[in-house]
Amino acid sequence: MTISCKSGSVNLFKAASPHEQYKRKLETAGLDKTAMGLAWINASTNSLQKALNINIPYRETGYFDAGKVPAAAYRFSATKGQKITINVVKKPPASALYLDLWFFADPTNPKRIASADTLNNPIQYEIDNTGNYLIRLQPELLQSVEYTLEITSGPSLAFPTTSKSKSIGSYWGDGRDNNARKHEGVDIFGPKRSPVLASANGTITRVNENNLGGKVVWLRPSGKDYTLYYAHLDEQVATEGQEVKLGDTVGLMGNTGNAKTTATHLHFGIYTFGGAVNPLPFIDPITKIPSKINASISNLNKTLRTVSKTTLYNLPQNKADAITTLNAGTVINISAATGNFYKAELPDGNTGFINSNELVQTTKPLQRLKIKLIQQKVFDQPDSLAAVKLNLKAGETVSVLGNFNNYQLISDENSQVGWIIK
């Protein structure tokens with residue numbers, strides 16, 4: 001995926017996000033011309049391109065190291081009608097950690113749709129378009145931050161009866177009339193003449209009868225591009241043109257129309273300009289809770305190694321698509337923990353999720369190695385073009401902590417750590 005950052009005239013009427021305000025401060029101070037400032041700006045853009053996939057609900061505890069220039073991004077799918085809540089708890093609380101939410105209608109030009117304030121109060125956002133969304137986390141320069149990120153989804157509308165989800169007996173897409181047509185709503189069962197409620201503040205746009213729905217009421221929520229449809233009512237309480245408040249009674253449950261031979265229920269539908277949409281995400285009262293974090297957070301910002309041949313995944317689950325296969329002894333840096341997985345980074349910059357049970361500490365060396373060359377270069381990265389941090393002499397003994405490709409991570413007798421060619 002390639003993301004372009006378009007430049008042009010500044011929109012003076014659109015408030016800059018806290019992240020954008022900080023970027024402008026760096027540019028005003030000339031820090032965008034420094035290696036560190038430019039790295040921060042590049043990290044903010046590159047993180048969007050390398051966003052990891054997650055499923056909602058999601059929870060992780062992670063760590064940003066002040067000695068690095070980090071940013072993290074996550075991509076997830078959401079459905080029209082859901083309300084997404086994104087919360088971040090920071091340690092220390094006064095640290096600056098920027099949180100932005102993006103919509104990916106066009107992957108080459110993502111649209112920022114929400115940002116957390118400087119106090120990192122939760123973002124609550126009603127999903128207007130089914131599709132892919134992305135969040136980005138990035139601290140200010142030279143700040144170490146431990147954080148817990150939690151993303152949950154719930155309904156954007158209130159449930160339309162005094163019953164709850166167990167009373168839903170028929171769902172969107174179920175066959176009707178010997179499968180000649182599909183169900184364009186959900187059926188919510190309950191006692192006859194029990195209250196049917198306004199799911200939002202709005203206006204009653206129509207009160208009428210038809211063959212399928214019997215006695216029906218149409219409600220247009222304030223500021224929305226869709227209309228709520230209440231059908232099979234025994235009695236219509238609301239009147240056309242009436243302004244209603246959330247929880248007002250708009251009718252009484254019945255079985256009018258083509259529901260005369262069925263148990264008493266409310267047919268609840270939602271219609272947009274493009275036709276009917278699945279109403280369940282709008283009213284589903286079941287909010288799933290993110291999994292408990294079982295992977296030890298004591299390993300955050302540490303380098304571990306794989307126990308045996310294993311897989312780096314693009315989702316924190318064992319059946320996800322593989323990013324790459326890792327050989328035994330591969331070193332990997334841990335940046336966050338979620339469920340039974342770690343979010344990890346390989347020495348070449350690739351990131352993904354790995355099962356925490358497949359990693360061990362590097363404190364116990366794989367082997368002790370005696371240097372045979374007259375002079376052995378030790379690089380600060382597993383790359384022969386990287387900076388040489390020290391030179392070892394023949395006869396010196398080092399501990400091999402792990403491997404990556406054709407390099408070994410070693411520690412010398414003075415506990416200096418670096419990479420040598422195998």
Side-chain angles (χ1 to χ4, degrees), residues 79-83 126-128 130 154-177 181-287:
T79 304
K80 182 179 177 67
Q82 292 179 312
K83 179 187 283 187
E126 294 184 14
I127 301 298
D128 294 324
T130 297
S156 58
L157 298 174
F159 205 73
T161 74
T162 53
S163 307
K164 293 301 178 186
S165 61
K166 290 182 180 179
S167 60
I168 298 178
S170 181
Y171 292 86
W172 170 268
D174 289 349
R176 290 291 186 270
D177 297 335
R181 62 185 179 88
K182 299 296 184 180
H183 194 211
E184 293 188 342
V186 294
D187 288 343
I188 304 169
F189 291 81
K192 189 166 186 176
R193 293 186 63 78
S194 58
V196 172
L197 311 173
S199 292
N201 298 336
T203 304
I204 303 299
T205 58
R206 201 185 333 166
V207 177
N208 66 317
E209 292 189 43
N210 62 55
N211 291 333
L212 290 178
K215 295 180 179 180
V216 303
V217 170
W218 301 77
L219 190 165
R220 183 66 174 267
S222 301
K224 298 300 180 182
D225 63 352
Y226 54 80
T227 301
L228 313 184
Y229 176 64
Y230 301 82
H232 305 317
L233 302 176
D234 189 69
E235 180 182 344
Q236 297 143 307
V237 174
T239 58
E240 195 165 308
Q242 179 183 349
E243 298 292 326
V244 294
K245 298 293 186 183
L246 173 67
D248 284 351
T249 299
V250 299
L252 302 178
M253 197 181 295
N255 60 345
T256 57
N258 69 347
K260 291 178 181 178
T261 60
T262 67
T264 299
H265 69 275
L266 167 70
H267 171 91
F268 181 77
I270 295 181
Y271 289 85
T272 68
F273 292 115
V277 296
N278 186 0
L280 187 61
F282 291 79
I283 61 169
D284 191 352
I286 299 177
T287 299

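Count residues from 1 along the sequence.
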Item to check | Thr239 and Ile204: CA distance, side-chain angles, deciding distance, side-chain contact (heavy atoms from CB on, under 4.5 Å) verdict | outcome: CA-CA 7 Å; Thr239 58; Ile204 303 299; over 6 Å; no
Checklist entry - Can you list every salt bridge (Lys or Arg N to Asp or Glu O under 4.0 Å) pair that touches residues 250-265, not counting sequence neighbours? => result none
Checklist outcome for this item: To the nearest 0.5 Å, atom CG of Leu233 lies from atom CG of Asn255 at 11.0 Å
Ignoring hydrogens and angles, write down the donor-acceptor pairs under 3.5 Å from the side chains of residues 193-201, residues two or more places apart or on other chains.
unit_1: Arg193; atom_1: NH1; unit_2: Asp234; atom_2: OD2; d: 2.7
unit_1: Arg193; atom_1: NH1; unit_2: Glu235; atom_2: OE1; d: 3.3
unit_1: Arg193; atom_1: NH2; unit_2: Glu235; atom_2: OE1; d: 2.7
unit_1: Ser194; atom_1: OG; unit_2: Pro191; atom_2: O; d: 2.7
unit_1: Ser199; atom_1: OG; unit_2: Ala158; atom_2: O; d: 2.8
unit_1: Asn201; atom_1: OD1; unit_2: Leu246; atom_2: N; d: 2.7

Checklist entry - If you look at every heavy atom in Leu212 and Asn210, which pair is closest and at what distance? => result N-OD1, 3.2 Å
Checklist outcome for this item: Closest non-hydrogen atoms of Pro221 and Thr227, given as atom of the first, atom of the second and distance, are CD-CA, 4.4 Å
Item to check | Smallest separation among heavy atoms of Val237 and Leu252, with atom names | outcome: CG2-CG, 4.2 Å
Item to check | Gap between atom OG of Ser156 and atom CG of Asp284 - 0.5 Å precision | outcome: 11.0 Å
Checklist outcome for this item: Nearest heavy-atom approach of Ile283 to Pro160 is CD1-CD, 4.0 Å
Checklist outcome for this item: Looking only at heavy atoms, the pair that brings Leu280 and Ile168 closest together is CD1-CD1, 3.8 Å
Checklist entry - Excluding sequence neighbours, so at least two apart, what forms salt bridge (Lys or Arg N to Asp or Glu O under 4.0 Å) with Glu243? => result none
Next on the checklist: Closer than 3.5 angstrom, by distance alone: can the side chain of Thr256 be matched with the main-chain N or O of Lys215 as a donor-acceptor pair?
Outcome noted: yes
Checklist entry - Do you know the tightest heavy-atom contact between Glu184 and His267? => result O-NE2, 3.6 Å
Item to check | Gap separating the CZ atom of Phe282 from the CD1 atom of Ile270, nearest 0.5 angstrom | outcome: 4.5 Å
Checklist outcome for this item: Distance col, row Gln242:CD vs Leu219:CG, nearest 0.5 angstrom, shows 9.0 Å
Checklist entry - Is Arg220 reaching over with its side chain to a backbone N or O of Tyr226, donor-acceptor style, under 3.5 angstrom? => result yes
Checklist entry - Considering residues at least two apart in sequence or located in another chain, which fulfil the salt bridge (Lys or Arg N to Asp or Glu O under 4.0 Å) criterion with Lys80? => result Asp225
Checklist entry - Should Leu228 and Leu157 be marked as a side-chain contact (heavy atoms from CB on, under 4.5 Å) after you check the CA-CA gap, both sets of side-chain angles, and the distance that decides it? => result CA-CA 10 Å; Leu228 313 184; Leu157 298 174; 3.8 Å; yes
Item to check | Counterpart residues, ring-ring contact (aromatic ring centres under 6.0 Å, His included), relative to His265 (two or more places apart) | outcome: Phe189, His232
Checklist entry - Would a 4.5 Å heavy-atom cut-off, applied to side chains only, mark Asn208 and Val216 as touching? => result yes
Item to check | Any pair counted as ring-ring contact (aromatic ring centres under 6.0 Å, His included), so long as it reaches residues 193-223, sequence neighbours left out | outcome: Trp218-Tyr229, Trp218-Tyr271
